[in-house]
Number of protein chains: 2
Amino acid sequence: MSDFKIPGITVYRLALYARALERFLAEGKDLISSEELARECGVNSAQLRKDLSYFGQFGVRGVGYSVPALLKHIKRILGTDREWPMVLAGVGHLGMALLNYDLLAQRGFRFVAAFDVDEKKIGRVINDVYVYALEQFGWVVKEHPVKIGVIATPASAAQEVADLFIEHGIKGILNFAPVRIKHPKNVVVEHSDLTILFDKVAFYTRRLD
Amino acid sequence: MSDFKIPGITVYRLALYARALERFLAEGKDLISSEELARECGVNSAQLRKDLSYFGQFGVRGVGYSVPALLKHIKRILGTDREWPMVLAGVGHLGMALLNYDLLAQRGFRFVAAFDVDEKKIGRVINDVYVYALEQFGWVVKEHPVKIGVIATPASAAQEVADLFIEHGIKGILNFAPVRIKHPKNVVVEHSDLTILFDKVAFYTRRLD
DNA sequence: TACTGTGAAATATTTCACAGCA
DNA sequence: TGCTGTGAAATATTTCACAGTA
C-alpha cells in the first residue's frame with residue numbers, strides 16, 4: 001500500500017506482469033489467478049501478490065484478478081498509461097533497431113526525433129523519425145515536451161550526449177552505451193549494456209555440466 | 001572462495017567490473033583500489049571485494065589490484081577468456097544490430113551463422129555471417145561447435161526456435177523476444193526484453209519531482 | 001470453496017568494521 | 001600506512017502460512 005521505496009526488482013516484475021497480461025488479454029482471457037500469472041512469469045505467486053500489495057488491492061478473494069483491470073492498474077502504476085515522447089541519440093545499427101521497433105510505439109514510447117553526427121545519416125527519415133545533426137538538439141527539443149532520451153552512441157560519446165540531454169531538461173535516460181553515465185540525482189539513468197548479457201549467458205552455460 | 005550458489009547479481013557486477021577494467025587498461029592504468037573501481041561502477045567497495053572473494057584473492061593488501069591481472073581473473077571466472085561461437089535466429093533490425101555489433105566479436109562472442117524464414121533475407125551475408133533458412137539449422141550446427149544461441153525473432157516464433165536450439169544441443173540461450181521461454185533445467189536462458197527497460201525508465205522518471 | 005492480501009519467518013544480499021598483511 | 005579479505009550486523013527480499021472474504 002506504500003508509495004515509496006519500491007524495490008527496483010519489483011518495478012521490473014510489474015513490467016513483466018504487464019507483458020504477460022497483454023498476451024492473456026489478446027487470447028481473450030478474462031480472469032486469472034496469481035498462481036497462473038506468476039507461473040507464466042517464472043516467479044512465486046506470493047511474490048506477485050506482494051508486489052501488487054505495495055500499490056493497492058486489485059484482486060477479488062476466492063476469485064482472482066480481472067485481466068483487463070489488472071493490466072490497466074499496472075500500466076497506471078508504471079506510468080505507461082500515457083504517451084512518452086522520446087529522443088534518440090546515435091543512429092547506428094542499434095539506434096535503427098530501436099527506431100523500427102514498433103512494439104515500443106504501440107506501447108506509447110514514441111521517438112519524435114533522432115540525432116547523429118554522421119553527415120550521411122543526417123536528413124534521413126527512419127520509420128517516420130527525422131535524423132537531425134546533434135547541434136540542432138536545443139531547438140528541436142524546444143518544440144517537443146520530451147522527458148526521456150535514449151543513448152545508442154559509441155561509449156566515447158555517451159557522457160557528452162547525456163550532459164546535453166540533461167542540460168535541456170531530459171529527466172529519464174536509457175543508456176545502451178557500455179559505460180556508466182554520471183548524472184545529478186534528479187535525473188534517472190537506466191543502463192543496458194548488451195555485452196553484459198552475453199557474459200552472463202557464457203558464465204551460466206559453462207557451469208552447466 | 002566458494003564455487004557454487006553465486007548470486008546472479010554478482011555475475012552481473014563481475015561483467016560490469018570487467019568493462020570498467022577494460023577502460024582503465026586502455027588508459028594505461030596499472031593499479032587500482034577497490035574504492036576507485038567500485039566508484040566507477042556505481043557500487044560499494046565492500047561489495048566489490050565481497051563479489052571477488054567468492055572466487056579467490058586477487059589483490060594485495062595495502063596496495064590494491066593489478067588492472068590487467070584482475071581483468072584476466074574476472075574473464076576466466078566469467079568464461080569470457082575463450083571464444084564463444086554463436087548462432088542467431090531472426091535477422092530483423094535487432095538481429096542486424098547484433099550481427100554488426102563489433103564489440104561482441106572483439107570479446108570472443110562470434111556469430112557463425114544466422115537464420116531466418118524470410119526468403120529475402122536468406123542467402124544474404126551480414127558482417128561476414130551467412131543467413132540460412134531456418135530448416136537448414138540441423139546441418140549447419142553440425143559443422144560448428146555452437147553452445148550459445150540468440151533469439152531475435154518476434155515473440156510468436158521464439159518458443160519454436162528455442163525448442164529447435166535445445167534439440168540440437170545448444171545449452172545457453174539469450175532471448176530478446178518479449179516472451180518467457182520454457183526450457184529444461186540443463187539449459188540456461190537469459191531473457192532480455194527491451195520494452196521492459198523503457199517501462200522502468202518511465203516509472204522512475206514520473207516519480208522524480 | 002478457492003482465492004487474495006499480508007504479517008511473520010526464512011533467506012539472501014549489502015554494508016560495516018576491523019584483523020591481517022605488504 | 002593503506003590497502004584487501006571477511007566474519008558479523010544490518011538491511012532487503014522472498015516465501016510461508018493463514019486470516020479474510022466473495
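Nothing here was measured: the structure is a model prediction, and the numbers come from that model. Below, read A as the first sequence line, B as the second, and so on, with proteins coming before strands; counting in each chain starts at 1.
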Asks: Within this structure, what is the CD1-to-P distance between Ile6(B) and dA12(C), rounded to whole angstrom?
Replies: 13 Å
Asks: Pick the closest DNA chain D nucleotide for Lys50(A) and for Val60(A) by heavy atoms, then say which residue is nearer the 5' end.
Replies: Lys50(A)
Asks: Within this structure, what is the CD-to-C1' distance between Gln47(A) and dA10(C), rounded to whole angstrom?
Replies: 14 Å
Asks: Round to a whole Å and report the spacing from CD1 of Ile9(B) to C1' of dT13(D).
Replies: 12 Å
Asks: Does the gap between the ring centers of Phe137(B) and His168(B) come in under 6.0 Å?
Replies: yes
Asks: After noting the C-alpha distance and the side-chain angles of Arg107(B) and Asp199(A), does the key distance pass the salt bridge (charged side-chain N to carboxylate O under 4.0 Å, His left out) rule?
Replies: CA-CA 9 Å; Arg107(B) 299 223 169 80; Asp199(A) 286 5; over 6 Å; no
Asks: Rounded to whole angstrom units, what separation is found between the CG atom of Leu52(B) and the P atom of dG5(D)?
Replies: 7 Å
Asks: Below 3.5 Å, does any donor atom in the side chain of Arg61(B) face an acceptor in the base of dG5(D), or the other way round?
Replies: no
Asks: I'd like to know if the side chain of Thr10(A) reaches the main chain of Ile6(A), judged simply by a donor and an acceptor atom lying under 3.5 Å from each other, with no hydrogens or angles considered.
Replies: no
Asks: Measure CG/Leu70(B) against P/dG5(D) and give the value in whole Å, please.
Replies: 9 Å
Asks: Tell me whether the OP1 or OP2 atom of dT4(D) has a side-chain N or O from Ser34(B) closer than 4.0 Å.
Replies: yes
Asks: Please determine whether a side-chain nitrogen or oxygen atom of Asn44(A) lies at a distance below 4.0 Å from atom OP1 or OP2 of dT13(D).
Replies: no
Asks: Rounded to whole angstrom units, what separation is found between the CG atom of Leu14(B) and the C1' atom of dT13(C)?
Replies: 15 Å
Asks: Classify the side-chain pair Asp102(A)/Asn127(A) by whether it contains a donor and acceptor separated by less than 3.5 Å.
Replies: yes
Asks: Nearest-Å distance, CG (Asp51(B)) to P (dT4(D))?
Replies: 14 Å
Asks: From the options dT4(C), dA22(C), dT6(D), select the nucleotide whose nearest atom is closest to the side chain of Gln57(B).
Replies: dT6(D)
Asks: Look at Arg49(B) and dC16(C) and indicate whether a side-chain polar atom (N or O) is within less than 4.0 Å of OP1 or OP2.
Replies: no
Asks: Does the distance from a Lys or Arg side-chain N to an Asp or Glu carboxylate O, for Arg110(B) and Glu83(B), drop under 4.0 Å?
Replies: yes
Asks: Please determine whether a side-chain nitrogen or oxygen atom of Tyr65(A) lies at a distance below 4.0 Å from atom OP1 or OP2 of dG5(C).
Replies: yes
Asks: Out of dT13(D), dT6(D), dT6(C), which nucleotide sits closest to the side chain of Ser53(A)?
Replies: dT6(C)
Asks: Rounded to the nearest Å, what distance is computed from the OH atom of residue Tyr54(B) to the P atom of nucleotide dA12(C)?
Replies: 11 Å
